[in-house]
2 protein chains.
Amino acid sequence: MKIGELAKKTDCSVQTIRYYEKEQLLCTTQRSDGNFRLYDEAAVEQLLFIKLCRNLDLSLSEIRQLLTLKRSPGAQCDQVNRMMDTHIQQVETRIQELVQLREHLKSLRRSCSSERTIEQCGILQTLTTNQHQKR
Amino acid sequence: MKIGELAKKTDCSVQTIRYYEKEQLLCTTQRSDGNFRLYDEAAVEQLLFIKLCRNLDLSLSEIRQLLTLKRSPGAQCDQVNRMMDTHIQQVETRIQELVQLREHLKSLRRSCSSERTIEQCGILQTLTTNQHQKR
DNA sequence: GCTTGACTCTATAGTGACTATAGAGTTTAA
DNA sequence: TTAAACTCTATAGTCACTATAGAGTCAAGC
Ligand SMILES: [Zn+2]
Ligand SMILES: [Zn+2]
Ligand SMILES: [Zn+2]
Ligand SMILES: [Zn+2]
């Protein structure tokens with residue numbers, strides 16, 4: 001199948017597929033006489049695997065590592081598990097940061113009502129006067 | 001003061017300051033004889049304002065809008081408030097996405113223990129076999 | 001055989017918010 | 001005077017794409 005069909009089957013843009021090839025995540029083994037990329041079912045599966053990993057927010061470099069590991073079936077799981085643990089930890093950290101940010105934003109938002117002018121704006125005042133608290 | 005001193009005072013890198021100038025967030029009004037940028041206390045305050053906004057994850061474009069608003073003190077607060085509300089909503093959405101992602105990652109992680117080989121890896125199996133569930 | 005349209009190719013630039021160079025010029029202190 | 005420390009501009013890199021431009025390929029219909 002040609003790249004357009006692979007794109008449709010995997011719900012992935014044609015440019016993205018070519019980008020993954022450039023990034024060594026998906027190699028095109030065959031080309032047609034007219035130099036068109038040709039793919040088989042294994043390519044569909046590999047691309048779907050990549051998509052699932054991207055949905056888990058794994059980076060392309062992490063996915064590349066996973067694909068390499070998949071090709072050495074005798075190896076131990078440690079590396080996969082460590083990657084997952086690190087990844088989960090990063091997501092956890094980001095959630096905590098965002099929760100704090102949300103509370104900060106909400107309290108800032110409470111310092112202003114719509115009827116005011118910019119001059120009296122609690123939000124801008126807070127953001128500005130904080131700067132003068134040098135002690 | 002020169003750019004290095006401004007950088008130290010605001011805990012901001014020299015390149016970032018120059019970048020903000022290029023992005024019209026901080027204009028350099030004066031230059032020395034040797035073409036060095038010169039700043040005053042107002043620049044320190046503006047840069048600190050920008051930093052506070054960045055800590056709130058506001059985009060440079062949003063900060064540019066806030067700076068413009070700050071310069072028209074008679075205007076109403078609506079625009080500021082709308083920006084904050086939108087921003088809070090986006091943070092909220094992102095938190096929910098990440099919480100779901102975390103749960104997904106955790107359940108995936110539970111499908112494997114370190115003693116296994118890649119061949120038996122529950123994580124890789126889940127990511128791979130999902131692809132065959134075409135119905 | 002020819003045209004039209006849909007597809008594909010490569011190469012390049014853009015996104016956002018920086019960071020990191022290279023290669024030049026300026027200032028300051030010893 | 002010379003060395004170090006600073007500054008200047010311009011350019012490229014980061015990440016995971018997305019969007020062009022300009023060319024070539026292919027299949028159907030006339
Ligand atoms: Zn990761
Ligand atoms: Zn306000
Ligand atoms: Zn925003
Ligand atoms: Zn495993």
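A note on names: the letters A, B, ... follow the listed sequences, proteins ahead of strands, and every chain is numbered from 1. Only a predicted model underlies this, so the values are computations on that prediction, with no experimental measurement involved.
- Proximity of residues 60-67 of chain B to DNA chain C (heavy atom under 4.0 angstrom from any strand atom) is restricted to Leu60(B).
- For the pair Asp57(B) CG and dG16(C) C1', the interatomic distance rounds to 12 Å; values are reported in whole Å.
- One distance of note links CD of Gln100(B) with CG of Leu105(B); it measures 12.0 Å at 0.5 Å rounding.
- The residue from Leu6(B), Leu25(B), Thr16(B) that alone fulfils the side chain to side chain contact (heavy atoms under 4.5 Å, CB included) condition with Leu47(B) is Leu6(B).
- Heavy atoms only, all atoms of each residue included: Ala7(A) and Val14(A) are closest at CB-CG2, 3.9 Å.
- Gln79(B) CD: 12 or fewer foreign heavy atoms inside a 6.0 Å radius.
- DNA chain D is contacted by Ser13(A), Gln15(A), Thr16(A), Tyr19(A), Tyr20(A) of residues 5-23 of chain A, taking any non-hydrogen atom closer than 4.0 Å.
- Within residues 31-38 of chain B, the residues approaching DNA chain D are Arg31(B), Asn35(B), Phe36(B), Arg37(B), by heavy-atom distance under 4.0 Å.
- Remark: Lys70(A) is positioned above the aromatic ring of Phe49(A), its terminal NZ or CZ atom under 6.0 angstrom from the ring centre and at most 45 degrees off the axis.
- The two residues Arg71(B) and Pro73(B) make their nearest non-hydrogen contact at O-CD, 3.3 Å.
- With hydrogens and angles ignored, the 3.5 Å screen pairs no side-chain donor or acceptor of Thr128(A) with any backbone N or O of Gln125(A).
- Put simply, the side chain of Leu38(A) does not reach to within 4.5 Å of the side chain of Met1(A), judged on heavy atoms.
- Running 5' to 3' along DNA chain D, contacts with non-hydrogen atoms of chain B at under 4.0 Å begin and end at dT7(D) to dT9(D).
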Verdict with reasoning, Gln30(A) to Arg37(A), per side chain to side chain contact (heavy atoms under 4.5 Å, CB included)
CA-CA 6 Å; Gln30(A) 284 186 290; Arg37(A) 288 171 180 83; over 6 Å; no
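- Atom C1' of nucleotide dG25(C) and atom CD1 of Ile3(B) are separated by 16 Å, given to the nearest angstrom.
- Across its full length, the helix from dG1(C)-dC30(D) to dA30(C)-dT1(D) shows an angle of 30° between the axes of its 5 terminal pairs at either end, rounded to 10 degrees.
- Of the N and O atoms on the side chains of Ser32(A) and Lys2(A), not one donor lies less than 3.5 Å from an acceptor on the other residue.
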Check residues 51-65 of chain B and write down every donor-acceptor pair under 3.5 Å in which the side-chain atom is one partner and the other belongs to a residue at least two apart or another chain.
| residue | atom | partner | partner atom | Å |
| --- | --- | --- | --- | --- |
| Lys51(B) | NZ | Thr10(B) | O | 3.2 |
| Lys51(B) | NZ | Asp11(B) | O | 2.8 |
| Arg54(B) | NH1 | Leu58(B) | O | 2.6 |
| Asp57(B) | OD2 | Arg94(A) | NH2 | 3.4 |
| Ser59(B) | OG | Glu62(B) | N | 3.1 |
| Ser59(B) | OG | Glu62(B) | OE1 | 3.3 |
| Glu62(B) | OE1 | Ser59(B) | N | 2.8 |
| Arg64(B) | NH1 | Glu23(B) | O | 2.5 |

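- Across all non-hydrogen atoms, the minimal contact from Ile17(A) to Leu26(A) is CG2-CD2, 4.0 Å.
- Taking every heavy atom of both residues into account, Asp78(B) and Ser114(A) meet most closely at OD1-O, 3.3 Å.
- Side-chain contact between Arg102(B) and Lys106(B) is present, with at least one heavy-atom pair separated by less than 4.5 Å.
- Under the 4.5 Å side-chain criterion, counting only non-hydrogen atoms from C-beta, Lys9(A) is in contact with Glu41(A).
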